[in-house]
Visitor: 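Here it is, the structure in full.
Residue numbers start from 1 in every chain, and the chains themselves are labelled A, B, ... in the order their sequence lines are given, proteins ahead of strands.
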Amino acid sequence: MKTLVIVEHNNDSIKQTTYSTVTAASKISEDVYALILGHNLDTAVDELKKCDHLKKIYLVDKEILSKPIAENFCDEIVKFLKDKDFTHVFTPSSTFGKNLSPKIATELDVQQISDIINIIDDNTFERPIYAGNAIAKVKSNDSIKVVTVRSTCFEPCKLDSQVEVENMSSELSKNELVNFVNYDESKSDRPELTSAKIIISGGRGLQNGENFKLLEGIADKLGAAMGASRAAVDAGFVPNDWQVGQTGKIVAPDLYIAVGISGAIQHIAGIKDSKFIVCINKDEEAPIFKFSDFGLVADLFEALPVLEKKLQ
Amino acid sequence: MKALVCVKRVIDYNVRIRVKSDKSGVEKDNVKMSMNPFDEIAVEEAVRLKEKGTLTEIVVLSIGTESSQETIRTGLAMGGDRGILVKSSDEDIDPLNVGKIIKNICDKENPDLIILGKQAIDDDCNQTGQILATLLKYPQATFASKVEKNNDNTLNVTREVDGGLETIKVKIPCVITTDLRLNEPRYASLPNIMKAKQKKIDILDINELSLDLKKRVEILEVNDPPERKPGIVVPDIDSLVDKLKNEAKIL
Ligand SMILES: Cc1cc2nc3c(=O)[nH]c(=O)nc-3n(C[C@H](O)[C@H](O)[C@H](O)COP(=O)(O)OP(=O)(O)OC[C@H]3O[C@@H](n4cnc5c(N)ncnc54)[C@H](O)[C@@H]3O)c2cc1C
């Protein structure tokens, strides 16, 4: 049993999702390796080197890999795997991994397993279906298991090792059918949603983007990340990558505060694993109350300023 | 230009899912079925591209039981031109095999664009488009929130990715998977529903395709998710802050 973790990063630093994926990989066997593809990776590799569980890091540094174009990444990874004996290939179940991992599996003619939340044994996994309203236990009969890992379900690995790095040469030529044009990053000084300890999210009840300021003050005090329901994103109140839920981000903070969110199953799917859920909603019949540890029936426009003050 | 749009019949997104007591799956008897919402967005995008004159024909494909014809009809009522049903009695076909079936249809139909939903809301796999693009060796533009045709036989596609929006340029033929914000699907009008009844649906049996579709992944059992313990309603902000401090020990 030997697992390869495909590293998610932005060329400068390693994404938290990678550390959780390393932990998941370590549950298969002690033979865990990482492959990092990109360009100008010095600082990222310095971070990655600290990962516990890793036996070795394989590094491919090439300009055409500076952008995560799935076609180029997939070609390189499949070439890399050719003369190796990996039994498992794990990638974080982020948009990066979801875009890439099924391609790797297809090139190997195996069925990828999406978004695992638990590892039963080396070929049996649990994964949510129907927006997390059911959990399927699935067994892969393929020779190589290509898997994406839901990072909120595995603790990040510890970072106190010093792992050996092997530089790999690459003859990859660029896929001419696809070109990177532009990345419009939504910048924020707040923690990332998928790794935040506290999250405060707003829904349609906030009425407009301006009113999200009411949440900001509280987020500042709590050091919280900010999220939103699909309705709030669709209405243009906040950027798309704030969306939490079945088709947005899956989060699992210690505390999730839902403000003016009704609690549709698709939203709940993204927050169910939070340790504590709090809601503020003026409609006591809203489904969100059924999922909340502490619910407050109140008009958010009155409640939020008071809450902010009390947090002083 | 011709588009192939792939649609899946799934339990309607408003239905409360119930796991069967024998753990073999979820209850599907007497449950409302609909087109996967992401696939509706795929059909809508194709129809808009046809209205703009970019496309000349839209073929709506589904793989499933006889009942999936209804789902295809919905696509035809929205503006699809004709349908193809690949009939299968097995409702849980591995996505890799679904990809191989769609590729087989593409080899005959030669579409310029293949548009699919980014995920089906039943198995939540999010992989068929990526698999298909790989099998066809076409570029993929997944999680699309904007599709624009350029003059040089390419598309600019804006993708919803973690952390923001990414735009890529892909050569046609290509595979697109749709995200929620790409468009808002129309409701089919009654006259269009009537017209759709006259449109042609070719029915093929899955076994006619002579593909090797052996099952790769077995579903051993399906369980209810762990339940959250019931919570309480607090009377005011003070008691909320108190609970968070003293019970949750978070603040
Ligand atoms: C395929 C599919 C995928 C989806 N994926 C997602 C997803 O990933 N994430 C997601 O969130 N949704 C998703 N949805 C949408 C989901 O079904 C709901 O439509 C959405 O979550 C509703 O958002 P909301 O709770 O903000 O809005 P609403 O349901 O309109 O709720 C607004 C709430 O605000 C409360 N409110 C209003 N004014 C006040 C006030 N002054 N004070 C206090 N409370 C107030 C109301 O009582 C109400 O409960 C998806 C839907 C589909 C079909």
Visitor: More than 12 heavy atoms of other residues, nucleotides or ligands under 6.0 Å from NZ of B/Lys23: yes or no?
Guide: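 For B/Lys23, atom NZ is not crowded (no more than 12 foreign heavy atoms under 6.0 Å).
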Visitor: Based on non-hydrogen pairs under 4.5 Å, which of B/Arg159, B/Glu218, B/Lys100 is most in contact with chain A?
Guide: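 The candidate making the most pairs under 4.5 Å is B/Glu218.
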Visitor: For B/Lys149, does the NZ atom have more than 12 heavy-atom neighbours from other residues, nucleotides or ligands under 6.0 Å away?
Guide: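 Yes, NZ of B/Lys149 has more than 12 neighbouring heavy atoms, counting only those of other groups under 6.0 Å.
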Visitor: If we count only N and O atoms by modelled type, under 3.5 Å, do the side chains of A/Ser140 and A/Lys145 hold a donor and an acceptor together?
Guide: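 Short answer, no.
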Visitor: Hydrogens and angles aside, do A/Glu71 and A/Asn175 bring a side-chain donor and acceptor to less than 3.5 Å of each other?
Guide: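 There is no such pair (donor and acceptor under 3.5 Å, judged by atom type) between the side chains of A/Glu71 and A/Asn175.
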Visitor: Would you mind checking if A/Arg150 and A/Asp115 are paired as a salt bridge, meaning a charged N to carboxylate O distance below 4.0 Å?
Guide: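 Salt bridge present between A/Asp115 and A/Arg150.
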Visitor: Using heavy-atom distances under 4.5 Å, tell me whether A/Asp109 contacts chain B through its side chain, its backbone, both, or neither.
Guide: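 Both parts, backbone and side chain.
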Visitor: Under 3.5 Å, is there a donor on one side chain and an acceptor on the other for A/Gln246 and B/Asp124?
Guide: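 Per modelled atom types, A/Gln246 and B/Asp124 side chains form a pair under 3.5 Å.
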Visitor: Mark yes when over 12 heavy atoms from residues, nucleotides or ligands other than B/Lys146 sit less than 6.0 Å from its NZ; otherwise mark no.
Guide: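 Count not over threshold, so no.
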Visitor: Would you check if there is a donor-acceptor pair between the side chains of A/Ser101 and A/Gln112 at a distance under 3.5 Å?
Guide: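 The answer is yes; a qualifying pair exists.
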Visitor: So for B/Asp238, is it side chain, backbone, both, or neither that comes closer than 4.5 Å to the heavy atoms of chain A?
Guide: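 When you check distances to chain A, only side chain atoms of B/Asp238 fall under 4.5 Å.
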Visitor: What verdict does the salt bridge (charged side-chain N to carboxylate O under 4.0 Å, His left out) test give for B/Asp112 and B/Lys2, after you've listed the backbone C-alpha separation in whole Å, the side-chain angles of each residue and the deciding distance to 0.1 Å?
Guide: CA-CA 5 Å; B/Asp112 302 280; B/Lys2 168 165 156 186; over 6 Å; no
Visitor: My understanding is that only one of B/Val5, B/Thr54, B/Leu4, B/Leu49 makes a side chain to side chain contact (heavy atoms under 4.5 Å, CB included) with B/Leu113; could you say which?
Guide: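 Only match with B/Leu113 under side chain to side chain contact (heavy atoms under 4.5 Å, CB included): B/Leu49.
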Visitor: Quick one: are A/Thr95 and B/Phe143 in side-chain contact, heavy atoms under 4.5 Å?
Guide: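 The answer is yes, as the side chains (C-beta and beyond) meet within the 4.5 Å cut-off.
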Visitor: Under a 4.5 Å heavy-atom cut-off, does chain B meet the side chain of A/Thr124, its backbone, both or neither?
Guide: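 It is the side chain, since no backbone atom gets that close.
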Visitor: My understanding is that only one of B/Asn126, B/Thr128, B/Thr134 makes a side chain to side chain donor-acceptor pair (under 3.5 Å) with B/Gln130; could you say which?
Guide: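 That would be B/Asn126.
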Visitor: Would you mind telling me which of B/Ala133, B/Gly129, B/Gly163 has the largest number of heavy-atom pairs within less than 4.5 Å of chain A?
Guide: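 The option with the most such pairs is B/Gly163.
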Visitor: Using non-hydrogen atoms only, which part of B/Gln140 is less than 4.5 Å away from chain A: side chain, backbone, both, or neither?
Guide: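 For B/Gln140, the contact with chain A is made by backbone and side chain together.
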Visitor: Please look at B/Leu251 and chain A and tell me whether the side chain, the backbone, both or neither of the residue comes under 4.5 angstrom of a heavy atom of that chain.
Guide: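 When you check distances to chain A, only side chain atoms of B/Leu251 fall under 4.5 Å.
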Visitor: Does any backbone or side-chain atom of B/Val19 lie under 4.5 Å from a heavy atom of chain A? Answer side chain, backbone, both or neither.
Guide: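 Answer is side chain: those atoms of B/Val19 sit under 4.5 Å from chain A.
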Visitor: Using non-hydrogen atoms only, which part of A/Ala70 is less than 4.5 Å away from chain B: side chain, backbone, both, or neither?
Guide: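 Interface part for A/Ala70: side chain.
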Visitor: Name the one of A/Thr247, A/Asp241, A/Asn240 that satisfies side chain to side chain donor-acceptor pair (under 3.5 Å) with A/Gln243?
Guide: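 When side chain to side chain donor-acceptor pair (under 3.5 Å) is applied between A/Gln243 and each of A/Thr247, A/Asp241, A/Asn240, only A/Thr247 qualifies.
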Visitor: For the interface with chain A, which of B/Asp123, B/Ile11, B/Ile237 has the highest count of heavy-atom pairs at distances below 4.5 Å?
Guide: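 Option with the top pair count is B/Ile237.
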Visitor: I'd like to know whether NZ of B/Lys20 has more than 12 heavy-atom contacts from other residues, nucleotides or ligands below 6.0 angstrom.
Guide: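 Above 12, so yes.
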Visitor: Could you tell me which portion of A/Glu192 (side chain, backbone, both or neither) has an atom closer than 4.5 angstrom to a non-hydrogen atom of chain B?
Guide: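 Neither the backbone nor the side chain of A/Glu192 comes within 4.5 Å of chain B.
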Visitor: Suppose a student defines contact as a heavy atom less than 4.5 Å from any heavy atom of chain A. Which residues in residues 28-45 of chain B would they list?
Guide: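 Checking residues 28-45 of chain B against chain A gives B/Lys28, B/Phe38.
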Visitor: In terms of heavy-atom proximity below 4.5 Å to chain A, should B/Lys118 be classed as side chain, backbone, both, or neither?
Guide: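 Contact with chain A involves the side chain of B/Lys118 alone.
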Visitor: Select one option (side chain, backbone, both, neither) describing which atoms of A/Phe276 are under 4.5 Å from chain B's heavy atoms.
Guide: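 Both parts, backbone and side chain.
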Visitor: At a heavy-atom separation under 4.5 Å, does B/Arg18 approach chain A through its side chain, its backbone, both, or neither?
Guide: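 Nothing of B/Arg18, per the 4.5 Å heavy-atom cut-off to chain A.
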Visitor: Could you walk me through whether B/Asp90 and B/Lys215 satisfy the salt bridge (charged side-chain N to carboxylate O under 4.0 Å, His left out) test, starting with their C-alpha distance in whole Å, then the side-chain angles of each, then the deciding distance to 0.1 Å, before giving a yes or no?
Guide: CA-CA 11 Å; B/Asp90 179 6; B/Lys215 241 189 163 31; 3.6 Å; yes
Visitor: Less than 4.5 Å to any heavy atom of chain A: does that hold for the side chain of B/Ile121, its backbone, both, or neither?
Guide: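 Both backbone and side chain of B/Ile121 come within 4.5 Å of chain A.
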Visitor: Measuring heavy-atom distances to chain A, does B/Gln119 have an atom under 4.5 Å in its side chain, in its backbone, in both, or in neither?
Guide: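 When you check distances to chain A, only side chain atoms of B/Gln119 fall under 4.5 Å.
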Visitor: Should the pair A/Lys139-A/Asp121 be classified as a salt bridge under the 4.0 Å nitrogen-to-oxygen rule?
Guide: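 Result for this pair is no, no salt bridge flagged.
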Visitor: Do you know which of B/Val157, B/Val233, B/Thr158, B/Asp236 has the most heavy-atom pairs with chain A at a distance under 4.5 angstrom?
Guide: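 Of B/Val157, B/Val233, B/Thr158, B/Asp236, B/Val233 has the most heavy-atom pairs under 4.5 Å with chain A.
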Visitor: Taking every non-hydrogen pair under 4.5 Å, which of B/Asn223, B/Ile172, B/Val10 racks up the most with chain A?
Guide: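 Among B/Asn223, B/Ile172, B/Val10, the one with the most close pairs to chain A is B/Asn223.
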Visitor: Which of the residues B/Asn14, B/Asp122, B/Val234 is involved in the greatest number of heavy-atom pairs with chain A at under 4.5 angstrom?
Guide: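 So the answer, after comparing B/Asn14, B/Asp122, B/Val234, is B/Asp122.
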Visitor: So among B/Asn97, B/Leu116, B/Leu136, B/Val86, which one has a side chain to side chain contact (heavy atoms under 4.5 Å, CB included) with B/Ile102?
Guide: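 Going through B/Asn97, B/Leu116, B/Leu136, B/Val86 one by one, the side chain to side chain contact (heavy atoms under 4.5 Å, CB included) with B/Ile102 is satisfied by B/Leu116 alone.
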Visitor: Is B/Leu220 close to chain A through its backbone or its side chain, or both, or neither, when contacts mean heavy atoms under 4.5 Å?
Guide: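 Interface part for B/Leu220: both.
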Visitor: Checking heavy atoms, do the side chain of B/Val161, its backbone, both or neither come under 4.5 Å from chain A?
Guide: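 Backbone plus side chain of B/Val161, per the 4.5 Å heavy-atom cut-off to chain A.
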Visitor: In plain terms, say whether B/Lys229 and A/Asp293 are close enough for a salt bridge, that is, a side-chain N and a carboxylate O under 4.0 Å apart.
Guide: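 Yes, this pair counts.
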Visitor: Salt bridge or not between A/Asp254 and A/Lys275? Use side-chain N to carboxylate O under 4.0 Å.
Guide: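 Yes, charged N to carboxylate O under 4.0 Å.
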Visitor: Heavy atoms only, distances under 4.5 angstrom: which of A/Asn179, A/Asp234, A/Ile265 has the most pairs with chain B? Name it, please.
Guide: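 Result: the option with the highest number of such pairs is A/Asn179.
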Visitor: Hey, which residues of residues 174-183 of chain B are touching chain A, say heavy atoms under 4.5 Å apart?
Guide: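 Against chain A, the residues of residues 174-183 of chain B that fall inside the cut-off (heavy atoms, under 4.5 Å) are B/Leu180, B/Arg181.
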Visitor: Testing A/Ile135, A/Ile116, A/Val138 for side chain to side chain contact (heavy atoms under 4.5 Å, CB included) with A/Glu126, which one passes?
Guide: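 Filter result, single survivor: A/Ile135.
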